[in-house]
Structures are given as structure tokens and as C-alpha cells.
**Q** 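I am attaching a structure below and will ask some questions about it afterwards.
We name chains A, B, ... by the order of the sequence lines, and we start the count at 1 in each one.
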Amino acid sequence: MPEIIEIEIYRRQGEAMLGRRIERVVADDDWFLKEGATAEAVAAVCEGAVVDAVRRRGKLMLVDLSSGVTLGWRYGMTGRLLVDGAAEIEHLEYSSMRNEPAWDRFVVHFDDGGSARIRDPRRLGGVSIDPDESALGVDAFDAAPAVIRDRVAVGRVALKARLLDQTRIAGIGNLIADETMWRAGLDPARPAGELSPNEQRRLATHLRAVLDDFLRDGGSHTGRLQDHRVRGGVCPRCGTTLDRREIGGRTTFSCPQHQS
DNA sequence: CTCGACTCCTGTTAGC
DNA sequence: TGCTAACAGGAGTCGA
């Protein structure tokens with residue numbers, strides 16, 4: 001599903017929108033407009049405006065317009081970006097194998113005949129006007145070891161839940177979290193604040209490596225643990241049956257042998 | 001402020 | 001064969 005890796009791929013693809021003028025917006029799914037945005041308001045700030053920049057913070061894609069406003073594009077767990085009809089990511093884990101135009105929830109038409117659209121079967125994404133970027137923590141790609149120490153490895157909440165908290169560190173989703181803790185040998189249920197300095201460094205190091213690996217390999221589903229994240233799955237390192245638990249409200253797989 | 005529980009969405013799949 | 005229920009997870013809300 002879209003985590004920081006997929007959104008970064010979308011952002012790079014979205015650079016094809018730079019300098020192009022928006023002629024028309026199709027935003028007829030009210031549910032998809034968030035934080036009070038309406039089809040009328042979106043049309044007013046978009047139509048006639050030029051795309052000045054395409055940025056990203058965590059899982060939030062930001063589209064700066066010459067009208068002075070910024071659109072926030074969220075992809076939920078099944079949202080994909082199509083620019084001029086083409087998708088950089090053809091298929092998402094846990095999403096449909098089909099590809100229906102009826103799933104277009106937000107479409108921008110440029111005056112050159114091209115378009116950009118969010119195609120999201122499950123409608124868990126959304127578009128907002130001038131989203132509060134400061135509500136998101138440090139972007140995971142910029143997370144120095146000190147960020148892990150000061151913002152993640154604190155409190156009594158489970159480490160897994162901490163990693164998923166976008167206000168602490170932005171961009172980590174379920175798959176990146178599980179792969180990182182598996183590589184780092186850390187139990188997802190451990191209270192985040194109980195990590196030793198050495199364990200904090202291990203977490204920071206492995207998070208960095210996971211992000212680099214996943215971006216190189218093309219998605220958050222490319223981890224070594226991924227194929228084993230099923231009921232009865234075994235640890236690819238030692239063959240021990242993986243624990244399957246719900247932590248932080250998400251299905252969590254971990255190796256009882258390696259992770260403590 | 002912290003933190004767990006709950007809710008939303010819908011395509012896919014497991015099971016009867 | 002056809003139906004139902006469970007499942008997937010990002011994000012927002014609510015109450016203790």
C-alpha cells in the first residue's frame with residue numbers, strides 16, 4: 001500500500017505537472033474532499049492556476065499552485081497517481097488487480113489536454129486545501145538518529161505504534177514498520193521508551209537501510225519479511241513461526257526468536 | 001498531553 | 001454455486 005516510498009515515487013512522477021496550467025477540475029466525490037474543502041472551492045483555486053511545485057512530507061503529497069494555495073493529496077491505502085493516463089506504479093499490495101476509470105476520485109485537466117488523477121478504489125485517500133503540514137513530524141527520509149532518540153524512543157506506548165504515529169515521524173506505514181523492527185531485532189510490543197541507546201541506534205540504522213532498499217526496489221512491499229506476513233508464515237532467517245498480533249491497531253508480524 | 005478503542009471506506013478471499 | 005463475514009490499513013475522532 002502507499003507508504004512514504006510510494007508517495008515519493010508519485011511525487012517524482014508528479015513533477016511532470018510542473019509549469020502546466022489547470023483548465024478544469026473534476027471533484028465530484030464529496031467524500032474525497034477533506035478538511036472542509038468543496039468542489040466549488042477547489043475549482044476556484046485551481047482553474048487558471050499553474051503548478052509551481054510538487055512536494056512531499058511523509059505520506060502527504062503537496063501541490064503548490066500559482067494561485068497561492070497548496071493542495072494536499074492523500075492516497076490512503078489503495079490510491080494511485082496517474083499523469084497523462086500513465087501510472088508509475090501499476091499495482092498496489094492489498095488493492096484490486098483491476099484498473100477502473102470509475103475509481104477516479106479527483107481529476108485535474110491541464111490546458112494542454114493532459115491530466116493528473118488520483119485513482120482510489122477504496123476511497124481512503126483525499127484532497128484538501130492548504131493542509132497543516134506542521135501537524136506531521138520529521139519526514140522519515142530526514143530522520144537522523146537523534147530524531148529516533150528524541151521523538152520515537154519515548155513513552156510507554158508500543159514501539160510499533162510509535163513508528164506509525166505520523167506526528168512523531170512522518171511516512172512509516174505498516175510494512176516499513178514490520179520490516180524495520182524485524183531487521184533491527186526489536187519486539188514491536190516493547191514500550192518505546194525502554195529502548196537502550198544501542199537499540200535506538202540499531203533502529204535508526206535499519207530504518208535508513210529499509211527506506212533506501214525499498215526505494216531502490218520500487219515499493220514498500222519489497223521487504224524480505226513481506227512474503228511471510230501471512231497466517232502461519234515463518235521467519236525467513238530461522239524458520240520459526242512468526243507471531244501474528246494486533247499492535248497499534250494494525251496486524252503485526254514478528255519473529256519471537258530474533259526480536260526482543 | 002497521552003493513548004487505546006473505534007470508525008470510515010470497498011475489493012478480495014476464506015469458509016460454509 | 002452463491003452467499004456472508006472477515007480482512008486489509010491510513011487517518012480522524014472520542015473518551016478516559
**Q** Would the number of heavy atoms belonging to other residues, nucleotides or ligands and lying under 6.0 Å from CD of Gln226(A) be above 12?
**A**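 Count over threshold, so yes.
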
**Q** So, Arg245(A) and Ser254(A): side-chain donor and acceptor under 3.5 Å apart, yes or no?
**A**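 Ser254(A) and Arg245(A) do have a side-chain donor-acceptor pair below 3.5 Å.
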
**Q** Are a donor atom and an acceptor atom from the side chains of Asp120(A) and Thr78(A) found within less than 3.5 Å of each other?
**A**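 Indeed, the side chains of Asp120(A) and Thr78(A) share at least one donor-acceptor pair under 3.5 Å.
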
**Q** Could you write nucleotides 8-15 of chain B as a row of B, S and -, 5' to 3', where a protein heavy atom under 4.0 Å of any base atom gives B, of only sugar-phosphate atoms gives S, and otherwise -?
**A** BBBSS---

**Q** Grab the CE-P distance between Met77(A) and dA8(C) for me, whole Å please.
**A**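 To the nearest whole Å, that distance equals 9 Å.
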
**Q** Do any N or O atoms of the protein come closer than 3.5 Å to N or O atoms of nucleotides 2-7 of chain C, and which pairs are they?
**A**
unit_1, atom_1, unit_2, atom_2, d
dC7(C), OP1, Arg231(A), NH2, 2.8

**Q** Can you tell me how far P of dA8(C) sits from CG of Leu92(A), to the nearest Å?
**A**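 After rounding, the gap between these two atoms is 17 Å.
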
**Q** Just checking, is any N or O donor in the side chain of Ser220(A) or Glu6(A) under 3.5 Å from an acceptor N or O on the other one?
**A**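 Side chains of Ser220(A) and Glu6(A): pair found under 3.5 Å.
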
**Q** More than 12 heavy atoms of other residues, nucleotides or ligands under 6.0 Å from CZ of Arg216(A): is that the case?
**A**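 Yes, enclosed.
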
**Q** Under 4.0 Å from OP1 or OP2 of dC1(B): is there any side-chain N or O of Arg156(A) that close?
**A**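 No, outside the criterion.
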
**Q** Atom CG of Asp165(A) and atom C1' of dG12(C): how far apart are they, to the nearest Å?
**A**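 It works out to 13 Å between those atoms.
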
**Q** Flag the pair Met77(A) / Glu3(A) as yes when at least one side-chain heavy-atom distance between them is below 4.5 Å, and no otherwise.
**A**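 Met77(A) does not reach Glu3(A) side chain to side chain.
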
**Q** Are Asp132(A) and Ser134(A) linked by a side-chain donor-acceptor pair shorter than 3.5 Å?
**A**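 A donor-acceptor contact under 3.5 Å links the two side chains.
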
**Q** Between P on dA11(C) and CG on Asn174(A), what's the gap in Å once rounded to a whole number?
**A**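 About 12 Å, once rounded to whole Å.
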
**Q** Quickly, which of Glu246(A), Arg229(A), Lys160(A) forms a side-chain hydrogen bond (donor to acceptor under 3.5 Å, both in side chains) with Thr252(A)? Name it, please.
**A**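 Only one of Glu246(A), Arg229(A), Lys160(A) forms a side-chain hydrogen bond (donor to acceptor under 3.5 Å, both in side chains) with Thr252(A), namely Lys160(A).
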
**Q** CZ of Arg245(A) versus C1' of dA8(C): gap in Å, rounded?
**A**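 Going from Arg245(A) (CZ) to dA8(C) (C1'), I get 19 Å.
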
**Q** Mind checking if Glu93(A) touches a base, just sugar-phosphate, or nothing, with heavy atoms under 4.0 Å?
**A**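 Nothing, no heavy atom under 4.0 Å.
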
**Q** Quick one: sort the Phe106(A) and Trp73(A) rings into parallel, tilted or perpendicular, breaks at 30° and 60°.
**A**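 Ring orientation of Phe106(A) relative to Trp73(A): perpendicular.
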
**Q** In whole angstrom, what separates Glu3(A)'s CD from dA8(C)'s P?
**A**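 In whole Å, dA8(C) P and Glu3(A) CD are 15 Å from each other.
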
**Q** If the cut-off is 4.0 Å, is Lys59(A) near the phosphate of dA11(C), judged by side-chain N/O to OP1 or OP2?
**A**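 True: Lys59(A) side-chain N/O within range (under 4.0 Å) of dA11(C) OP1/OP2.
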
